[in-house]
Asker: 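Below is a structure I'd like to ask you about.
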Amino acid sequence: MAYTLEYFQKSADFLKERAGFVPEIAVVLGSCLGPFAQALENPVSVDYADIPHFLLSTVESHAGKLIFGSAGGKKVVCMSGRFHSYEGYRFEQLVIPIRVLKLLGVRAAVLTNAAGAVNPAYRPGDVMVIADHIKLNGDSPLRGPNVDAFGPRFFDTSRMYTPELRRLALQCARDSALRVHEGVYMFFPGPQFETPAEIRAARLLGADAVGMSTVTEALTAAHCGLPLLALSVMTNMAAGVLDRPLSGSEVDETASRVAGDFSDYLKKVLSLI
Ligand code: HPA
């Protein structure tokens, strides 16, 4: 399938009709951060399966719905469930959601995820505003023919996590129940958690947290010039930081524990964007 502008436009045209309004901000919810979506006002929900040319969530903790509604006084479109390369999607396919949301008319994207803390000063339940990322693994989502209508073949990534939005997110932390840091996210393709040696290497390279998502969406947003904020919830200390094995249930438990406070924090951030 050739990813032309028309390819993405077909999904966007379908959604414009279903939503009935132009959303201002796109929000992508990470694993188990779904409660935010349930609290949206005047929600209009669309199953991914009904959207032409879209992808399907295969991860249990990801709902697989696009929800239009209001939060923090802003009109938002919220992806409850995202797509990862470990599900079997090719990196090129992972441009789809952000390009479709861009065509809906959003003026900013807020990406959230669950991540493992590499920085020993972080604790499970803390939030990290992503200042920058490291991706040494896997292809770029922008691989393949460039769609010039979205952005240039070669593009700058040095300010892709929009400095003004990062500042705003750190300011909002003052009134939040959460501890909020700013740091570097390192992408690993998963689905296995990293080895302790990989985490030691990540730390040497300058990473504060690791995860299996977000970077593909962030690069797609940067390519089309969409202002971007990305927030990681530390659901666990990364492999080998503590002397015990990691499990998916630890990730789910921490995410469920902080989902309420995170939802309040996110609403505050959205109200100021
Ligand atoms: N590693 C990668 N992805 C993750 C982790 C982790 O430790 N925790 C939550 N998502």
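Please read all numbers here as calculations on a predicted model, not as lab measurements. Atoms within each ligand, like the ligands themselves, are counted from 1 in listed order.
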Asker: If you measure from each non-hydrogen atom of N236 to ligand 1, which part falls under 4.0 Å: side chain, backbone, both or neither?
Answerer: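 Contact part for N236 vs ligand 1: side chain (C-beta onward).
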Asker: Report yes or no: do V118 and V233 belong to one cluster of Ile/Leu/Val/Met/Phe/Trp/Tyr joined by side chain heavy-atom distances under 4.5 Å?
Answerer: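 Hydrophobic grouping puts V118 apart from V233.
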Asker: Check whether the ring centres of F8 and F150 lie less than 6.0 Å apart, and answer yes or no.
Answerer: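 Centroid separation for F8 and F150: below 6.0 Å.
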Asker: What's the shortest distance from atom 5 (C) of ligand 1 to any protein heavy atom, and which residue and atom give it?
Answerer: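 Minimum-distance protein heavy atom for atom 5 (C) of ligand 1 reads G116 N, 3.4 Å.
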Asker: Heavy-atom distances under 4.0 Å decide this one: backbone, side chain, both or neither, for A115 against ligand 1?
Answerer: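 Near ligand 1, A115 shows its backbone, while the atoms from C-beta on stay back.
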Asker: If we only consider heavy atoms of F193, is any one of them less than 4.0 Å away from an atom in ligand 1?
Answerer: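 A heavy atom of F193 does come that close to ligand 1.
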Asker: Please verify the inter-ring angle class for H84 with Y86; under 30° counts as parallel, over 60° as perpendicular, anything in between as tilted.
Answerer: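 Rings of H84 and Y86: parallel, as their planes differ by under 30°.
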Asker: So do the side chains of F54 and P97 get within less than 4.5 Å of each other, counting heavy atoms only?
Answerer: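 With C-beta onward as the side chain, the pair touches.
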Asker: Considering only non-hydrogen protein atoms, determine which one is nearest to atom 9 (C) of ligand 1 and report residue, atom name and distance to 0.1 Å.
Answerer: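 Result for atom 9 (C) of ligand 1: T235 OG1, 3.4 Å.
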Asker: Among E194, Q192, M234, which one puts a heavy atom closest to atom 2 (C) of ligand 1?
Answerer: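 Checking each option, the heavy atom nearest atom 2 (C) of ligand 1 is found in E194.
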Asker: Identify the closest protein heavy atom to atom 10 (N) of ligand 1: which residue and atom is it, and at what distance?
Answerer: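 Protein heavy atom with the smallest distance to atom 10 (N) of ligand 1: A114 O, 3.2 Å.
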Asker: Nearest protein heavy atom to atom 3 (N) of ligand 1, by residue and atom, and its distance?
Answerer: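 Of every protein heavy atom, G211 CA, 3.4 Å lies nearest to atom 3 (N) of ligand 1.
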Asker: Inspect the contact between E24 and K75 and indicate whether a charged nitrogen and a carboxylate oxygen are less than 4.0 angstrom apart.
Answerer: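 Looking at K75 and E24, the cut-off is not met.
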Asker: Please verify the inter-ring angle class for Y7 with H53; under 30° counts as parallel, over 60° as perpendicular, anything in between as tilted.
Answerer: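 Ring orientation, 0 to 90° scale: parallel.
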